[in-house]
Amino acid sequence: MSMVHVVGGGLAGLSAALTVSDVGRAVSVYEAGPACGGRCRSYYDRELDCRLDNGNHLLLSGNQASFAMIDRIGSRATFRSPPEPIFPFHDLETGESWTLRPSPGRLPWWLLSASRRVPGTTASDYLGLRRLLRAGPNATVLEVVPPGVLFRRLIEPLAVAALNTRASRGSAALLGAVIRETLMRGGQHCLAAFPREGWSESITEPALLSLRTAGQQISTGRRVTQIVVRDGRAVALQEQGRITTLGLSDQIILAVPAERASDLLPGLIRPQEHESIINLHYKATLACSAAGFLGLVGGLAEWLFFKGGIVSVTISAANRLSEVPASTLGEQVWREIQSACGSNDPLPPYRVVREKRATFTATPEQARQRPSCRTWLSNVFLAGDWTATGLPATIEGAIRSGSTAGEMVTSAAGD
C-alpha cells in the first residue's frame, strides 16, 4: 500500500494526516520534537507546579475548519464558551470597561445600541469594517481604517491578535478575511471557545488517538534532515542515521515551519520576516470577566485568560520587547492585571515564555511570499499557517492548510 509521509506533527500536520487517513490511505507522521502539537500543546511546568498551554489561543464559532476537525475527533465537549458572543475590554489608560455584544444574525442591529458598541463610537464609525473587506493586497490596516476611538479600542486589538503584527504594518486584506468569516456573518459566528483543560487535551491528544485507532504511524523525536530528489520527485527521506525510501506512489506533506521547509526544499519562496509572541502565566486565582477572558487596551498586556488558578497573558507582535528582562515584563504586566481586575494581591509566582518566531510578519509584502500547497516536486505538498491559506497565521489557517494538502494528495494519487 502506498504511504503518505507527513513531516511535522503540529496542527497542520495532524489535520493533513486525518484528512488522508479518512479516505483509507496509510499515513506516517514524523515529529522532530518530543511531542506533537506545535504551538498548540500543553506541558507540566515544574516551577509553577501546574499544567500550562505553550500559547494562549481563542477560537471563534465561525472557524469552520477548526470545528470540523474538533467534531471529527470528538472533542467539542472539552471546550467552554460564554453563554453569548461577548468580548469584554478594559482601557488601562482611562479605567473604562465595556463589553462588545454582536447581535446573533447577519443584520447588525447591535450597532444601533450604544451599550453593545465600543464606548465613544457611533454606528457609522463601523463602516470602516467594510473598507477592510474591500482592501487591496498592498494596503495596511492603518491605511484603510483611520485612527480614532474605534481604531484604538477595537480595530488595533483585533489586528494585533489576528495578524501578530502591528496595525501600522499589518495586511488589511488578511484582517478583512478574518472579519468576513466571523463578525460580518453575525454574532453566531463570533462565539469564543477555548479548552476547559488545555490544547493538548482538546485537540492534539484526541487527534493522535484517532490516527492511532485507524492504525496510522506516529513517531516523535524523528527529524527529517533531507528530502532526496531524483527526476522531479522525492525518492527518500533522510534522518540522522536513517533513510526511508519512498515507493513509486508514496507522497510527502511537508508541515513544518517555513524556515525548516526551505532547508528541505532549497529555493522555496516563503515569508522571511517573523514576529514573536510573549505569554506570561501567573499562579493566581482571579476572575474579573464572566467570559473567561478579557481584552486590554493601552498597556503591554493584550488578552487575559482565567483558568484553574492561572491567569495567562498574551503580548503579540512582541519583537519590540526582545531585550526587556523577564522580571520587568512580569512586574509591569501584573500591575496591569491588578488595575484591570481591581486586585491588590502581591506579585505571585509566574512564568514568562517567549516564542521568538511565532508567526510570519503579516505585512502585505510578506503575505505575497506565501507559497501554495503544491511544489515543483510531483509528490511533495506543503501545509502550515505560513502557506497561502487566505488567512493570517492562525489555528484556523493551520488546520485549513492541512485539510487542503490532504485533499490535494488524495486528488493527485487519483490522477
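FYI, the numbering just counts along the sequence from 1.
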(request) Apply side chain to side chain contact (heavy atoms under 4.5 Å, CB included) to the pair Met69 and Leu14, showing each step before the final yes or no. (result) CA-CA 10 Å; Met69 178 175 169; Leu14 295 177; 4.2 Å; yes
(message) With side chain to side chain contact (heavy atoms under 4.5 Å, CB included) as the criterion, how do Leu208 and Cys36 come out once you've worked through the C-alpha distance, each side chain's angles and the decisive distance to 0.1 Å?
(response) CA-CA 8 Å; Leu208 292 172; Cys36 292; 4.1 Å; yes
(message) Applying side-chain hydrogen bond (donor to acceptor under 3.5 Å, both in side chains) to Arg270 and Ser262, what does each step give before you reach the verdict?
(response) CA-CA 8 Å; Arg270 48 90 173 179; Ser262 60; 3.2 Å; yes
(message) Test side-chain hydrogen bond (donor to acceptor under 3.5 Å, both in side chains) on Ser28 and His5; report intermediate values, then the result.
(response) CA-CA 5 Å; Ser28 181; His5 304 265; 4.8 Å; no
(request) Carefully, step by step, assess Arg196 and Glu201 under the rule salt bridge (charged side-chain N to carboxylate O under 4.0 Å, His left out). (result) CA-CA 9 Å; Arg196 296 179 185 277; Glu201 290 82 357; over 6 Å; no
(request) In sequence, state the C-alpha distance, the side-chain angles, and the governing distance for Asp53 and Lys307, and then conclude on salt bridge (charged side-chain N to carboxylate O under 4.0 Å, His left out). (result) CA-CA 11 Å; Asp53 289 324; Lys307 184 177 63 176; 3.1 Å; yes
(request) Just do the side chain to side chain contact (heavy atoms under 4.5 Å, CB included) check on Leu382 and Ser372 with the steps written out, would you? (result) CA-CA 7 Å; Leu382 297 174; Ser372 68; over 6 Å; no
(request) Show your working on side-chain hydrogen bond (donor to acceptor under 3.5 Å, both in side chains) between Gln251 and Arg25 and close with a plain yes or no. (result) CA-CA 11 Å; Gln251 296 156 299; Arg25 296 286 302 279; 2.8 Å; yes
(request) Could you go through the side chain to side chain contact (heavy atoms under 4.5 Å, CB included) check for Val160 and Glu275 one step at a time? (result) CA-CA 11 Å; Val160 174; Glu275 269 285 356; over 6 Å; no
(request) Evaluate the salt bridge (charged side-chain N to carboxylate O under 4.0 Å, His left out) criterion for residues Arg166 and Glu302: first the C-alpha distance (whole Å), next the side-chain angles of each, then the deciding distance (0.1 Å), finally the verdict. (result) CA-CA 12 Å; Arg166 309 308 298 182; Glu302 293 160 355; 3.6 Å; yes
(request) Show the numbers, then the answer: is there a salt bridge (charged side-chain N to carboxylate O under 4.0 Å, His left out) between Glu273 and Arg169? (result) CA-CA 12 Å; Glu273 293 184 28; Arg169 300 187 64 210; 3.2 Å; yes
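Heavy atoms only, all atoms of each residue included: Asn379 and Leu246 are closest at ND2-CD2, 4.0 Å. Closest of all the heavy-atom pairs between Thr387 and Ala383 is CG2-C, 4.1 Å. Across every non-hydrogen atom of Ala162 and Thr394, the tightest pair is O-CG2, 3.7 Å. Closest heavy-atom contact between Trp110 and Ser103: CD1-OG, 3.0 Å. Leu296 and Ala301 make their closest contact through CB-O, 3.4 Å (heavy atoms, listed as atom of the first residue, atom of the second, distance). Between Pro102 and Arg116, the shortest heavy-atom contact is O-NH1, 3.9 Å.
Using a distance-only test at 3.5 Å, with no hydrogens or angles considered, no donor-acceptor pair links the side chain of Glu31 to the main chain of Thr220. A donor-acceptor contact shorter than 3.5 Å links the side chain of Ser289 to the backbone of Phe293. Under the 3.5 Å distance criterion, the side-chain polar atoms of Thr204 are left unmatched by any main-chain donor or acceptor of Arg41. Listed for the Thr213 side chain is a donor-acceptor partner under 3.5 Å among the backbone atoms of Leu209. At least one donor-acceptor pair closer than 3.5 Å links the side chain of Thr165 to the backbone N or O of Ala362. Listed for the Ser97 side chain is no donor-acceptor partner under 3.5 Å among the backbone atoms of His90. No donor-acceptor pair under 3.5 Å is formed between the side chain of Glu239 and the backbone N or O of Arg222. A distance-only check finds a donor-acceptor pair linking the side chain of Thr410 to the backbone of Gly406 [under 3.5 Å]. Judged by distance alone, the side chain of Arg320 and the main-chain N or O of Ala317 form a donor-acceptor pair under 3.5 Å. No donor-acceptor distance shorter than 3.5 angstrom exists from the side chain of Gln332 to the backbone of Leu329, with no hydrogens or angles considered.
In this structure Tyr282 satisfies the ring pair (Phe, Tyr, Trp, His ring centres under 6.0 Å) test together with Trp334, Tyr350, sequence neighbours excluded. Scanning for salt bridge (charged side-chain N to carboxylate O under 4.0 Å, His left out) contacts around Asp45 gives Arg351, with sequence neighbours left out. With sequence neighbours excluded, no residue satisfies ring pair (Phe, Tyr, Trp, His ring centres under 6.0 Å) with Phe305.
Under the 4.0 Å criterion applied to side-chain N and carboxylate O atoms, Arg400 and Glu181 are assigned as salt-bridge partners. Using a 4.0 Å cut-off between charged nitrogen and carboxylate oxygen, Arg152 and Asp91 count as a salt-bridge pair.
Side-chain contact annotation: Ser21 with Gln216, donor-acceptor N/O pair under 3.5 Å present. Between the side chains of Ser113 and Ser115, a donor-acceptor pair is found at a separation under 3.5 Å. Side-chain contact annotation: Thr182 with His189, donor-acceptor N/O pair under 3.5 Å absent. A donor and an acceptor atom, one from each side chain of Thr389 and Arg370, are located under 3.5 Å apart. In this structure, a donor-acceptor pair under 3.5 Å is absent between the side chains of Ser42 and Arg51. Checked by atom type, the side-chain pair Ser2/Asp250 shows no donor-acceptor distance below 3.5 Å.
For residues 191-225, no residue pair satisfies the disulfide bond (SG atoms under 2.5 Å apart) rule, not counting sequence neighbours. Note on residues 187-259: no pairs pass disulfide bond (SG atoms under 2.5 Å apart), not counting sequence neighbours. Counting only residues at least two apart or on different chains, the side-chain hydrogen bond (donor to acceptor under 3.5 Å, both in side chains) pairs with a member in residues 55-77 are Asp22-Arg72, Asn56-Asn279, Asn56-Thr314, Ser66-Glu396, Asp71-Arg76, Arg72-Ser210.
Shown here is Glu355, whose CD atom has more than 12 heavy atoms of other residues, nucleotides or ligands within 6.0 Å. Within a 6.0 Å sphere centred on CG of Leu127, other residues, nucleotides and ligands contribute more than 12 heavy atoms. Dense packing is recorded around CD1 of Ile243, with more than 12 heavy atoms of other residues, nucleotides or ligands lying under 6.0 Å away. Within 6.0 Å of CZ in Arg130 there are 12 or fewer heavy atoms belonging to other residues, nucleotides or ligands.
Inter-residue side-chain proximity for Ile227 and Gln238 is flagged as unmet; no heavy-atom pair is nearer than 4.5 Å. At a threshold of 4.5 Å between non-hydrogen side-chain atoms, the residues Leu254 and Leu265 count as touching. Using a 4.5 Å cut-off on side-chain heavy atoms (C-beta onward), Leu142 and Pro147 make contact.
In this structure, Arg153 is positioned above the aromatic face of Trp98, its NZ or CZ under 6.0 Å from the six-membered ring centre and within 45° of the axis.
Taking the six-membered ring for Trp and the full ring otherwise, Trp303 and Phe89 have centroids separated by under 6.0 Å.
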